[in-house]
Amino acid sequence: RECRDDPLVAFGNTFTGVDTASGESDNAMSLGTSGTATLNFNVHDNALNNSYNSAVIFNFNDKSIVHGIFEDNQIVGSIGDAGGRGIDGALVADDNANVRLRVDNNTITGMRGEGMFFNANNTATLNIIVTNNNITTSPIVTSTFENLQVQAASGAANSADIVAKIENNTVARGGDGGIAGFLAEA
């Protein structure tokens, strides 16, 4: 359970998201960087409950360097009207960020959108290991096709690199039960 260089550690907590009408964050947990920041984190053995949007947001930008471990967490419920994800990495690696992330042995249930979504943009580099996770239910929003998605953005301005190891996960089918649970694309 070690992460390099005196990491930010979150262990044994219960985090609960709130309705955005109250003026607070609608996510149970948000981790982000910008500029030339360096972030080392180890988030494990927590409960993340009833987020109004996504339970966890990863947002690593600019020229930041990130080494993270997210493991043994329980994520339950998305109560908002949006397509809240369990782990939302829509900007897990953006701009020219260099991100190394291990997501292991988490349980996710009752989300409106994908259980896990990871995306690299622009010239970012994402090295990700997604292992031994259990996404127990299909997305509530039936138009959400995949329940676990890893992708590199396409287009002329994007040349992101992804190296991914995805194994030993149990993933419920996508929305409406009709689509395979996993998508990887570049």
Side-chain angles (χ1 to χ4, degrees), residues 1-11 25 27-44 46 48 51 53-73 75 83-106 108 111 113-135 144-171 174 180-186:
R1 289 193 194 258
E2 292 187 25
C3 195
R4 303 172 43 186
D5 303 323
D6 299 317
L8 167 106
V9 176
F11 164 73
S25 173
N27 311 105
M29 176 182 287
S30 295
L31 294 170
T33 59
S34 63
T36 58
T38 297
L39 173 63
N40 299 303
F41 68 87
N42 189 341
V43 176
H44 63 95
N46 298 288
L48 299 101
S51 297
N53 195 355
S54 296
V56 180
I57 300 283
F58 292 140
N59 189 0
F60 308 127
N61 295 296
D62 302 328
K63 294 182 180 182
S64 57
I65 298 171
V66 178
H67 298 201
I69 299 169
F70 189 86
E71 65 184 6
D72 298 318
N73 298 289
I75 299 173
R85 297 172 171 135
I87 300 174
D88 187 346
L91 295 175
V92 70
D94 194 26
D95 300 324
N96 195 30
N98 187 331
V99 178
R100 186 171 56 196
L101 184 61
R102 183 174 77 215
V103 179
D104 183 62
N105 202 40
N106 299 286
I108 300 172
M111 303 313 300
E114 296 95 337
M116 296 183 190
F117 179 83
F118 304 101
N119 182 47
N121 291 310
N122 301 313
T123 59
T125 300
L126 173 61
N127 290 292
I128 188 166
I129 298 171
V130 180
T131 52
N132 306 308
N133 298 285
N134 188 4
I135 303 173
T144 302
F145 299 125
E146 298 82 26
N147 217 353
L148 170 57
Q149 186 169 346
V150 178
Q151 72 178 27
S154 61
N158 291 300
S159 60
D161 290 320
I162 294 180
V163 175
K165 175 182 178 182
I166 301 168
E167 65 182 28
N168 297 323
N169 298 288
T170 301
V171 181
F182 172 69
L183 172 69
E185 67 180 351

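- Without hydrogens or angle criteria, T170 side chain to I135 main chain gives no donor-acceptor distance under 3.5 Å.
- In this structure, E146 and F117 have side chains that are not in contact, with every pair of non-hydrogen atoms separated by 4.5 Å or more.
- The shortest heavy-atom contact between A152 and N119 is C-OD1, 4.1 Å.
- Contact detail for A90 and N121: the closest heavy-atom pair is O-ND2, 3.7 Å.
- Looking only at side-chain heavy atoms (C-beta outward), N122 and D94 come within less than 4.5 Å of each other.
- Looking at V43 and L31, their side chains come closer than 4.5 Å, going by heavy atoms from C-beta outward.
- Taking the side chain as every heavy atom from C-beta outward, M116 and V171 never approach each other to under 4.5 Å.
- Smallest separation of non-hydrogen atoms from N169 and V130: ND2-O, 2.9 Å.
- Tested against N133, the residues D104, N105, N106 include a single side chain to side chain donor-acceptor pair (under 3.5 Å) partner, N106.
- Here the CZ atom belonging to F60 is positioned 7.0 Å from the CG atom belonging to L101, to the nearest 0.5 angstrom.
- To the nearest 0.5 Å, atom CG of residue N42 and atom CD of residue E71 are 6.0 Å apart.
- A donor-acceptor pair is defined here as one N or O able to donate and one able to accept, closer than 3.5 Å; no such pair exists between the side chain of N168 and the backbone of N132.
- I108 contributes atom CD1, which lies 12.0 Å from atom CZ of R85 (distance to the nearest 0.5 angstrom).
- Residues I87 and N73 are not in side-chain contact: their nearest non-hydrogen atoms beyond the backbone lie 4.5 Å or more apart.
- The closest donor-acceptor contact from the side chain of N27 to the backbone of S54 lies under 3.5 Å.
- Atom OG1 of T36 is separated from atom NZ of K63 by 8.5 Å, given to the nearest 0.5 angstrom.
- Residues N98 and T125 bring no donor and acceptor atom of their side chains to less than 3.5 Å of each other.
- Taking all atoms of both residues into account, the shortest heavy-atom contact from E114 to Q149 is OE2-OE1, 3.7 Å.
- Inter-residue side-chain proximity for V103 and F118 is flagged as met; some heavy-atom pair is nearer than 4.5 Å.
- Ring orientation note: the planes of H44 and F11 are tilted relative to one another, at an angle of 30° to 60°.
- Here the closest non-hydrogen pair linking M29 and A10 is CE-CB, 4.3 Å.
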